[in-house]
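Chain letters run A, B, ... following the sequence lines, proteins first and then strands; every chain starts at 1.
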2 protein chains.
Amino acid sequence: MQDTKERIMAVARATAQAHGYGALSFRELAKAVGVRSASVHYHFPTKEDLGVALARRYREDAEAGLAAIAEASTDPAQCLRAYVGIFRRALENDNRMCMCGFMAAETDDLPEAVRAEVRAFADANVGWLANILSRTDGRDRSVHEARALAIYAAVSGAQLVARCRGGVAAFEAIVESYRASGLIPAGQ
Amino acid sequence: MQDTKERIMAVARATAQAHGYGALSFRELAKAVGVRSASVHYHFPTKEDLGVALARRYREDAEAGLAAIAEASTDPAQCLRAYVGIFRRALENDNRMCMCGFMAAETDDLPEAVRAEVRAFADANVGWLANILSRTDGRDRSVHEARALAIYAAVSGAQLVARCRGGVAAFEAIVESYRASGLIPAGQ
DNA sequence: ACCTGAACACCGTTCAAGT
DNA sequence: ACCTGAACACCGTTCAAGT
């Protein structure tokens with residue numbers, strides 16, 4: 001049995017990926033974990049504290065996953081396929097989406113500390129993508145970063161749109177269009 | 001002075017574009033319009049009724065705007081620039097986003113009738129984009145529809161990402177990458 | 001036709017108090 | 001250290017009553 005704090009974070013992440021930060025409720029989290037809502041406040045004094053912990057952990061996990069992908073293959077196209085796979089798996093997991101993608105929509109309702117973590121998540125994605133793209137040619141870092149941001153935005157949008165229209169199949173079709181148009185390097 | 005129902009819809013739209021469907025509250029809407037929450041229920045018996053009316057109107061307005069763009073110019077690249085401009089203006093309007101983009105994130109919390117309207121909005125966008133793309137060449141409709149969906153998703157994602165990271169400038173940079181990569185036809 | 005006050009059953013959140 | 005009861009300020013909804 002995990003400790004209460006970890007179980008709260010796990011349930012909270014799954015909830016935020018399906019319903020957003022705004023839908024995070026101490027009462028429901030407590031019910032799912034088997035304690036009272038006031039007990040959740042013992043571990044996370046405010047909702048902001050929970051949000052910051054969630055977003056930071058989410059980014060750390062993402063960074064670890066991305067590092068593993070970059071080490072598993074030197075082929076940029078293959079790394080990018082694995083990258084897209086992360087977003088696809090969120091949809092496969094009961095139509096969930098990237099937690100920070102949802103939070104991006106909720107920016108105006110986020111405490112500043114949470115928003116900062118959401119930005120850091122985006123930065124980590126863009127930085128990693130730029131590193132992968134720099135394997136394809138020796139152009140300036142700024143060129144790869146611009147394209148990296150575009151890929152991150154496009155894949156996020158594919159996930160968002162597919163979530164309410166077409167599901168995983170639509171997501172795959174959209175990403176295939178990205179490859180066909182040249183936005184995402186597809187190799188060969 | 002507009003009538004109360006119209007003023008409620010205007011405030012609700014602006015709110016939903018900034019905070020989502022979930023943040024729509026009859027009490028706050030009432031306060032903004034200067035009536036009591038029970039009066040809002042006179043015009044929209046339930047929140048679902050309000051959501052459906054909002055999303056339907058949003059789609060109708062979008063369809064009218066898109067039709068005007070398609071008639072104002074025969075040049076696909078110019079039409080696509082105008083299309084992107086719609087999304088940019090949402091960001092310029094106090095960092096708001098497409099209402100149906102926000103609602104796409106909230107799919108799981110939407111009454112089915114509202115979700116259907118959100119899908120209809122996406123369909124209208126994709127259909128219009130496919131019409132514009134079909135002006136560029138005579139390939140099959142299905143080819144243009146696939147690309148249209150990809151462009152809709154990519155522009156939605158650019159708006160979502162820019163909303164919490166870089167604002168309008170980031171949005172423009174991302175869209176420029178879409179054009180440079182060939183995802184969005186840029187003319188010449 | 002349009003609006004309202006009051007009530008209902010709920011909600012997330014907080015915090016002083018328990019063990 | 002960990003948990004809780006009770007209170008607070010909300011919410012959508014209903015309905016009888018006003019104009």
K.L.:
Please give, in whole Å, the distance from dC11(D) C1' to Leu50(B) CG?
P.N.:
15 Å
K.L.:
Specify the separation, in whole Å, of atom CZ of Arg27(A) and atom C1' of dA7(D).
P.N.:
11 Å
K.L.:
Nearest whole angstrom, please: distance from the P of dG12(D) to the CD1 of Ile8(B).
P.N.:
13 Å
K.L.:
Do any side-chain nitrogens or oxygens of Ser39(B) fall under 4.0 Å of OP1 or OP2 in dC2(C)?
P.N.:
no
K.L.:
Atom CZ of Phe26(A) and atom P of dT14(C): how far apart are they, to the nearest Å?
P.N.:
7 Å
K.L.:
Does OP1 or OP2 of dC3(D) have a side-chain N or O of His43(A) closer than 4.0 Å?
P.N.:
yes
K.L.:
Please give, in whole Å, the distance from dC8(C) P to His41(B) NE2?
P.N.:
17 Å
K.L.:
Any strand counts, and the cut-off is 3.5 Å on both contacts for Watson-Crick or G-U wobble. Which nucleotide pairs with dC3(C)?
P.N.:
none
K.L.:
Tell me whether the OP1 or OP2 atom of dT13(C) has a side-chain N or O from Lys47(A) closer than 4.0 Å.
P.N.:
yes
K.L.:
Look at the side chain of Ala38(B) and decide which nucleotide, out of dT14(C), dG5(C), dT13(D), has an atom nearest to it.
P.N.:
dG5(C)
K.L.:
So, Asp3(A) and Lys5(A), do they make that salt bridge, N to O below 4.0 Å?
P.N.:
no
K.L.:
From dC15(C), dT13(D), dC3(C), pick the nucleotide closest to the side chain of Thr4(B)?
P.N.:
dC3(C)
K.L.:
Is there a donor and acceptor pair, one atom on the side chain of Arg36(A) and one on the base of dG5(D), closer than 3.5 Å?
P.N.:
no
K.L.:
State the pairing partner of dC11(D); accept Watson-Crick or G-U wobble contacts with both distances under 3.5 Å, and report none otherwise.
P.N.:
none
K.L.:
Looking only at side-chain N and O atoms, does Ser25(B) come under 4.0 Å of OP1 or OP2 in dC11(D)?
P.N.:
yes
K.L.:
Counting only heavy atoms not in Glu92(A), do more than 12 sit closer than 6.0 Å to its CD atom?
P.N.:
yes
K.L.:
Is a side-chain N or O of Asp137(B) found less than 3.5 angstrom from the main chain of Arg139(B), in a donor-acceptor match?
P.N.:
yes
K.L.:
For Cys100(B), does its backbone N or O pair with a side-chain atom of Tyr58(B) as donor and acceptor, under 3.5 Å?
P.N.:
no
K.L.:
For Arg36(B), look at atom CZ and say whether over 12 heavy atoms of other residues, nucleotides or ligands are found less than 6.0 Å away.
P.N.:
no
K.L.:
Taking any heavy-atom pair under 4.0 Å as a contact, classify Leu24(B): base, sugar-phosphate, or nothing.
P.N.:
sugar-phosphate
K.L.:
Check the distance between dT14(D)'s C1' and Asp49(B)'s CG and give it to me in whole angstrom.
P.N.:
14 Å
K.L.:
The side chain of Glu28(B) is closest to which nucleotide in this list: dT14(C), dC11(D), dT14(D)?
P.N.:
dC11(D)
K.L.:
Using a 4.0 Å heavy-atom cut-off across all strands, classify Glu48(A) as base, sugar-phosphate, or nothing.
P.N.:
nothing
K.L.:
Looking across every strand, which nucleic acid part, if any, lies under 4.0 Å from Tyr42(A) by heavy atom: base, sugar-phosphate, or nothing?
P.N.:
base
K.L.:
Provide the Watson-Crick or G-U wobble partner of dA17(C), both distances under 3.5 Å; none if there is no partner.
P.N.:
none
